[in-house]
Amino acid sequence: MLNRMMLERSRLTEGIIRYARASVLVSGGLVNVLLFYMGLATKQNAARSFLYGASLVALLALSACYFLYLFWRFREQRKATLIVCSIPAIFLLCYIRAAWALPTSSVMTNLRDFMIFCVPMYVFAIETALYSKERSFMDALERLGLLVMPLCAVYLGMMTYVSVSGVKTAPMGFPNLGVMTYMDIAYTLLPFLLANVLQLSWGADPVWPLAKRTANIIRFVSALVLWLCILTSATRGPIFSVLLFMPILLVYCIFHKKPLCKPLICCVSIAAAFILFTFVFVPAGMASLSARVNIVVGGVSRGTFETSDEDPLARASIDDMLDLPVPKRTNRGSTDGLAAPPSRPEIQGVIDRITSRSTLFTLAIKESLRHPTAGLGPLGFIAKYRTYPHCFLLEALSDLGLVFGLLMDLAIASLFFRLAWVSKTCARVAPVFLLLSGYIVTLLASGSLWSSPILMFGLCYALGICRQPLSVSKKVL
């Protein structure tokens, strides 16, 4: 009896850890979903702010405790754990440098996001890489996907209502859901969509007590529902990430001689839904999708990269904005860290009119050429332009300079290609590599170098994989 109780207790503990591990990837999004179910998503209030903040702080505390537990229990992996720790340590040193040089307001928001979202991803990455938890992570991610299905039903129901009734003022600020913006919704659903497609493509064992055929049908339907919700949100980062992920999955299956039927069905279905609701039949609830995609398509047809109808003055004032200095702290001995008074207020006003990625990309490239050795300093672009370049590679160039920025970009690229190479032979690495490939467009067109959880996970996971011998398996999942 005692042994049975201990076994059940260990299974419960393992299950809790498994779900906590998977929920880290979408921690803020899952908290928003739970608050939505509690009726606390219609507007910002004290109760919602407290619960949201307390949940994320608790996640950070649990991650720290779990890291200490792993470090204490698995002594053989301590050296690799400390080596992987160099990545968040480098980022924290950059934050210390930024806090010394820049106004506190420019640093603290990003530091808060880094500590709450990125540091738990480091713990998640080393535990996944060094202790072979990839399969249980994918299973838990698929199970957690069912948690968002009621929200998906509400979201698609609201889209249908807006399309049929033709109302001008949609309830809950649709395509937002109260305080959950359309971007929050899309980025929350993205990993669940990728997990369902991967589980279906490789015919993973059911996570529920169901026949395998039934489980695969549920995965396919879930993936389509999640895809329709992402399309409804009109968030182009996740949309184009999925559209790139599907051919990558097909090429991977072809290269490794895996069955093509299921991934091909998923690819065709996802592409057909995108084409249908973007160019053929555009319901009123998805009008923003067609408009936002057509801006990008129109820009490409003209040989430019445009993401919005930006004020022409912003593009014309690029050289003037480059001449502005980076805000500096005027009282380092004080706790408030006030910035010096802004120079050229008329140009400062133009900065707020920047809405196109092409302008941000141009600014980041030109800043790196103007400051090839030192750059603007860590978080310098954010402090100067009050936004980030929306491309982590260009942010490295502008903040660290052309020399050190290129070194960092090459290091990141080498880790990614190393992970791709290992995934050819190691069964357990393949699904994580493909999951990360589903974020390529998101990172290149919306990713921040200093506070991107998925980037932190990818770097730490890849370095952890490179620090240990891997068993070679011909069977992927």
Side-chain angles (χ1 to χ4, degrees), residues 19 22-59 109 112-113 116-118 120 141 144-163 167-196 222-242 277 283-289 291-292 387 390 438-439 442 446-448 451-454:
Y19 289 116
S23 64
V24 167
L25 190 60
V26 283
S27 54
L30 281 181
V31 172
N32 272 328
V33 172
L34 294 176
L35 292 175
F36 175 82
Y37 294 153
M38 295 168 61
L40 295 175
T42 55
K43 61 181 180 180
Q44 195 66 262
N45 53 61
R48 185 194 180 281
S49 299
F50 173 77
L51 290 174
Y52 184 79
S55 300
L56 296 180
V57 171
L59 177 64
T109 300
R112 178 201 64 195
D113 292 342
I116 291 179
F117 296 112
C118 295
L141 202 56
L144 285 171
L146 290 181
L147 184 65
V148 301
M149 283 302 157
L151 179 135
C152 292
V154 172
Y155 200 51
L156 292 180
M158 197 170 295
M159 183 271 292
T160 304
Y161 169 74
V162 171
S163 301
V167 295
K168 294 183 178 180
T169 304
M172 299 185 68
F174 181 83
N176 301 327
L177 284 179
V179 296
M180 289 182 65
T181 66
Y182 62 92
M183 291 185 293
D184 293 334
I185 296 169
Y187 285 113
T188 299
L189 302 183
L190 177 59
F192 301 128
L193 168 60
L194 299 177
N196 274 284
S222 298
L224 284 184
V225 170
L226 293 167
W227 178 235
L228 288 177
C229 289
I230 292 175
L231 289 178
T232 301
S233 73
T235 309
R236 289 168 296 190
I239 290 173
F240 289 121
S241 288
V242 174
F277 294 115
M286 289 186 174
S288 57
L289 168 66
R292 302 190 75 201
T387 186
H390 286 69
Y439 282 87
T442 296
S446 296
S448 171
S451 57
S452 173
I454 193 64

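What you see is a predicted model, and the numbers here were worked out from it, not measured in a lab.
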### Query
Is there a side chain to side chain contact (heavy atoms under 4.5 Å, CB included) between Met158 and Thr232 once you walk through the steps?
CA-CA 10 Å; Met158 197 170 295; Thr232 301; over 6 Å; no

#### Entry: Sub-4.5 Å side-chain heavy-atom contact between Ser233 and Pro175
no

### Task
Find the distance between CG (Leu231) and CH2 (Trp227) and round it off to the nearest 0.5 Å.
4.5 Å

### Task
Examine Arg236 relative to Phe240 and say whether NZ or CZ is less than 6.0 Å from the centre of the six-membered ring and inside a 45° cone about the ring axis.
no

### Query
Rounded to the nearest 0.5 Å, how far apart are CG of Leu193 and OG of Ser222?
10.0 Å

### Message
If I compare all heavy atoms of Ala223 with all of Asn196, which pair ends up nearest, and what's the gap?
### Response
CB-CB, 4.3 Å

#### Entry: Within-4.5 Å side-chain heavy-atom neighbours: Phe117 and Ser451
no

#### Entry: Steps toward side chain to side chain contact (heavy atoms under 4.5 Å, CB included) verdict (Tyr439, Leu190)
CA-CA 9 Å; Tyr439 282 87; Leu190 177 59; 3.6 Å; yes

### Query
Can you list every side-chain hydrogen bond (donor to acceptor under 3.5 Å, both in side chains) pair that touches residues 176-185, not counting sequence neighbours?
Thr181-Asp184

#### Entry: Atom pair CD1/OG of Ile454 and Ser241 - distance to nearest 0.5 Å
10.5 Å

### Query
So, for Pro283 and Phe277, which heavy atoms are closest and what is the spacing to 0.1 Å?
CD-CD2, 3.9 Å

### Message
With a 4.5 Å cut-off on side-chain heavy atoms, are Leu151 and Met180 touching?
### Response
yes

### Summary
Value for OG1 (Thr160) from OH (Tyr155), rounded to nearest 0.5 Å, stands at 12.0 Å

#### Entry: Spacing of OG1 belonging to Thr188 relative to CG belonging to Leu226, to within rounding of 0.5 Å
11.0 Å

### Task
Kindly indicate, with the supporting measurements, whether the criterion side chain to side chain contact (heavy atoms under 4.5 Å, CB included) is fulfilled by Thr442 and Tyr187.
CA-CA 9 Å; Thr442 296; Tyr187 285 113; 3.4 Å; yes

### Summary
Per side-chain contact (heavy atoms from CB on, under 4.5 Å), Leu189 is matched among Ile230, Val225, Leu228, Val33 by Ile230

### Task
Over all heavy atoms of both residues, which pair between Ala284 and Val162 is shortest? Give the atoms and the distance, please.
CB-O, 4.0 Å

### Task
I would like to know whether Leu289 and Ile239 meet side chain to side chain contact (heavy atoms under 4.5 Å, CB included); could you show each step before the answer?
CA-CA 10 Å; Leu289 168 66; Ile239 290 173; 3.5 Å; yes

### Task
Taking the side chain as every heavy atom from C-beta outward, state whether Phe36 and Val179 have any pair of such atoms under 4.5 Å apart.
no

### Summary
Rounded to the nearest 0.5 Å, the OG atom of Ser448 sits from the NE2 atom of His390 at a distance of 9.0 Å

